[in-house]
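Here is the structure we will look at.
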Amino acid sequence: MNIIPVPKILNDLPLVASRGDKVAIDMELFGLDQKRMHRPAGRFGSLACTSDGENVYIIFDGREVEPFLKNIEEATWLFHNSPFDLGHLRRWTTIKLRKRLWDTLLIEKIMYSGWYDNDQMGLNDLVRRYCDVYLEKKFQKEFKETDEWTQEKIEYAAKDVIATWRVYHEQRKVVSDEDLEIYKQIDLPTMWLTLGFKGVKVDTKRWIEVCAKSADKAKEIKDELDFNPGSSVQSKEALLKEGFHVSSSNAKVLEHLAKKTLLAQQIMDARVYTKRVSTYGEKWVDQFVEADGRVYSSWQVSEAISGRLSSRSPNLNNIPVRDTPEYRECFIAGEGNSFVIADYSAQEPRFAAELSGDKRLLEIFNSGKDIYIEIAREMFGETITKSDPRRADIKEIVIGSCNGLTEYGLAKKTGKTKKEALELLERYFSIFPGLYEYRENVKSRHPKYVKSVCGRKIWMNSYVYGWERVGMDSPLQSSAAEALKLSMIEFVEKWGCNPIILPSHDELMLEVKDEEAEHVRDILKQTMLDVAQRLHPSVRPSVSIVIGKKWSDKK
DNA sequence: GGAGACGGCGCC
DNA sequence: AAAGGGCGCCGTCTCC
């Protein structure tokens, strides 16, 4: 394996590049906290670029960023993980949305989603795969710990940017037109949108009140127990003492056991409350709410193999809602603003209908009626109400039917016997044979990869147990993700600015001025419907949308 | 004492 | 042997 030779480093001459030139750019910051990489923390370290893969131009003063970038304005910019650099560079200059931008990380994820894991997507991994080059990464820690520059560190910064430049040229040779279209039409515009997300305002006082209540309850229950219910090892041990041998102490198991022993219920309760204290406690506020009262998450455009967006530091995609709607009441619109909250109904089942072409399922969706009640009518020959427990069972089946749910799993989930569960599944698939075929096809065709409706590839690894379940589900999940991304892109195009504060898989939350809310609601709804209709033309789409002052004002 | 695996659980 | 998918984060456990 090779290493990159010490580059020629120039810091007295500006690089001037023009249209057609490819300029790799890389930024180093001092003193960044790993969990807050996306926030305006840390101090300017360096900005380096190269247009020929040999000579590196580098500056060490943030005040030079603006003229530095102006000189290469016309060129195509190459980054590895551009949101990091772009987000921080905005602290020293204005960065406008540009299409001439190649992100080697985003491209690699589009090309090799499911083939390589996320931990094999670093610049060092790419330069090893593409160029057989070894790239030293040990300096990252040093940037965190000290502001001192050494010759070695300068060389490291220079080598990084050369690696990016080299990887670009190799990727260019092998990337397919279809992958490039996904990049240009979907992921790159989405990346720019996520950079423009405003934070969400949080009522911190209320939040702390909510979690304080849970803290009290957690303590109460824990005091009654002589072991730590947060430990699976200790919980299993305690249950064994009462005569219950279990291989797992998770909620599903405990729920069954709760009928037989109080202990199971106690462990469950303790976990519910400690979860709220640990994950959604005071620490959450301390860590993530900025001085302006808002939370700024880090949004990843394609961290998930399906191309779903993901969120971290903090993860805004898993804020409690079922048992504790109080948390979402803490997400509030700013003074004089309203939220517009929209979500796609039964989005993945709709894509299942589209992709399987199942006749009966298509009819049900296109009838515009409640699909779960309609399916129940087919299955049981009677009309059930919304509160009938069978509706929840059917929901499980509808969602599970396309990601490989078995009678065993269904039985466990619903508390039915295996025989009952099998009967339900069989009846379901006899009504929707197209769905069954879709499911079985994945196994029998044994595809190298599956695709979303827009053509995003998800590679299968048949050596991994359960690969066929990923194969069934990925086209649905990734198509749904595309619908959401395209809705965002097209809405912002129409509206002219970006008021998005929180996307969540099949849901969008916008914050706009009160007087604009109704207008925005109408445009957003129409946009989402248009996009969905385009992506699943055989299925009538459905979007519910409301205007509110809190996230919880949903339904 | 730190790193990483694991179990568990919040959401869609 | 395991028994719908996708995430991120927490505390515990284990190992060095």
Side-chain angles (χ1 to χ4, degrees), chain A residues 35 113-114 118-119 214 218 227-236 246-255 267-268 270-281 283-284 287-288 297-300 302-325 327-328 343-349 351-352 395-414 418 421-422 425 428 435 439 442 450 458 464-478 480-481 484 502-508 551:
Chain A
K35 290 201 95 173
S113 180
N118 281 328
D119 61 4
S214 289
F227 64 95
N228 182 353
S231 154
S232 54
V233 176
Q234 293 177 39
S235 296
K236 279 185 276 189
V246 285
S247 55
S248 159
S249 75
N250 66 25
K252 235 184 258 169
V253 171
L254 293 178
E255 212 166 300
I267 297 174
M268 268 199 294
R271 288 192 186 160
V272 166
Y273 294 114
T274 46
K275 175 84 177 176
R276 288 179 203 165
V277 178
S278 59
T279 307
Y280 311 105
K283 206 179 99 190
W284 192 95
Q287 271 190 297
F288 300 125
S297 174
S298 170
W299 296 92
Q300 324 301 129
S302 64
E303 200 72 357
I305 60 169
S306 60
R308 261 189 180 181
L309 286 165
S310 80
S311 154
R312 54 179 190 234
S313 303
N315 182 355
L316 292 180
N317 280 339
N318 67 352
I319 301 299
V321 60
R322 277 168 217 158
D323 302 330
T324 35
Y327 280 104
R328 294 202 179 194
D343 71 276
Y344 280 118
S345 324
Q347 201 192 18
E348 287 188 28
F351 277 109
K395 235 174 152 170
E396 285 298 336
I397 297 174
V398 170
I399 292 166
S401 64
C402 286
N403 45 33
L405 181 66
T406 62
E407 67 271 23
Y408 184 90
L410 183 61
K412 240 185 168 179
K413 186 97 185 184
T414 59
K418 238 162 72 178
L422 180 63
L425 279 175
Y428 180 79
L435 266 187
R439 202 167 114 126
V442 175
V450 296
I458 297 100
V464 172
Y465 180 79
W467 69 269
E468 63 275 68
R469 291 195 288 274
V470 181
M472 296 167 193
D473 189 53
S474 291
L476 313 180
Q477 211 179 98
S478 60
L484 198 80
L502 208 165
S504 185
H505 309 309
D506 58 4
E507 172 182 338
L508 276 180
W551 192 359

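We name chains A, B, ... by the order of the sequence lines, and we start the count at 1 in each one.
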(message) Please check: side-chain N/O of A/Ser313 versus main-chain N/O of A/Lys35, any donor-acceptor pairing under 3.5 Å?
(response) yes

Any idea which of [options] is nearest the [X] side chain?
| X | options | answer |
| --- | --- | --- |
| A/Tyr408 | C/dG8, C/dA3, C/dG4 | C/dA3 |
| A/Lys275 | C/dG5, B/dC9, C/dG4 | B/dC9 |
| A/Glu303 | C/dC10, C/dG8, C/dG4 | C/dG8 |
| A/Pro320 | C/dC9, B/dG10, B/dC12 | B/dG10 |
| A/Ala304 | C/dG5, C/dA3, C/dC7 | C/dC7 |
| A/Tyr465 | C/dC13, C/dA3, C/dG11 | C/dA3 |
| A/Arg308 | B/dG8, C/dG4, B/dC12 | B/dC12 |

(message) Rounded to the nearest 0.5 Å, what separates atom CD1 in A/Ile267 from atom OG in A/Ser235?
(response) 4.0 Å

(request) With rounding to the nearest 0.5 Å, note down the distance linking OG1 in A/Thr414 to CD1 in A/Ile397. (result) 8.0 Å

Which is true for [X] with a 4.0 Å heavy-atom rule: it touches a base, it touches only sugar-phosphate, or it touches nothing?
| X | answer |
| --- | --- |
| A/Ser401 | nothing |
| A/Gln347 | nothing |
| A/Leu410 | nothing |
| A/Ala251 | sugar-phosphate |
| A/Tyr280 | sugar-phosphate |
| A/Lys413 | base |
| A/Ser311 | sugar-phosphate |
| A/Gly400 | base |

Is a donor-acceptor pair below 3.5 Å formed from side chain [X] to base [N], judging by atom type as modelled?
| X | N | result |
| --- | --- | --- |
| A/Arg271 | B/dC9 | no |
| A/Arg469 | C/dG4 | no |
| A/Asn318 | B/dG10 | yes |

Figure out the [atom1]/[atom2] separation between [X] and [N], and round it to whole Å.
| X | N | atom1 | atom2 | answer |
| --- | --- | --- | --- | --- |
| A/Gln300 | C/dG8 | CD | P | 7 Å |
| A/Phe288 | C/dG8 | CZ | P | 13 Å |
| A/Lys252 | C/dA2 | NZ | P | 15 Å |
| A/Glu396 | C/dG5 | CD | P | 13 Å |
| A/Leu254 | B/dC9 | CG | C1' | 12 Å |
| A/Asn403 | C/dC7 | CG | P | 13 Å |
| A/Phe227 | C/dT12 | CZ | P | 13 Å |
| A/His505 | C/dG8 | NE2 | P | 9 Å |

With a 4.0 Å cutoff (strictly under), does any side-chain N or O of [X] reach OP1 or OP2 of [N]?
| X | N | value |
| --- | --- | --- |
| A/Gln477 | C/dG4 | no |
| A/Arg322 | B/dC12 | yes |
| A/Thr279 | C/dC9 | no |
| A/Ser231 | C/dC13 | yes |
| A/Ser249 | B/dG8 | yes |
| A/Ser232 | B/dC6 | no |
| A/Lys35 | C/dC10 | yes |

(request) Let me know, please, whether A/Asn118 or A/Gln287 comes out on the 5' side of the other along DNA chain C by nearest nucleotide. (result) A/Asn118

(message) Return whichever of A/Ile399 or A/Ser278 has its heavy-atom-nearest nucleotide of DNA chain C closer to the 5' end.
(response) A/Ile399

(message) I'd like to know if the side chain of A/Gln477 pairs up with that of A/Ser306 as donor and acceptor (distance under 3.5 Å, no hydrogens or angles considered).
(response) yes

(request) Identify the residue among A/Ile458, A/Val450, A/Asn403 that makes a side chain to side chain contact (heavy atoms under 4.5 Å, CB included) with A/Asp473. (result) A/Asn403

(message) Just checking A/Lys418: does its NZ atom have more than 12 heavy atoms from other residues, nucleotides or ligands closer to it than 6.0 angstrom?
(response) no

(message) Looking at A/Lys236, I want to see if its NZ is surrounded by more than 12 non-hydrogen atoms of other residues, nucleotides or ligands under 6.0 Å.
(response) yes

(message) Taking B/dC6 as the reference, what is the distance to C/dA2 when you measure between their P atoms (whole Å, please)?
(response) 14 Å

(message) Would you measure the distance from the P atom in C/dA3 across to the matching atom in B/dG7 and give it in whole Å?
(response) 12 Å

(request) Give the C-alpha distance, both sets of side-chain angles, the deciding distance and a yes or no for side-chain contact (heavy atoms from CB on, under 4.5 Å) between A/Asp506 and A/Glu348. (result) CA-CA 9 Å; A/Asp506 58 4; A/Glu348 287 188 28; over 6 Å; no

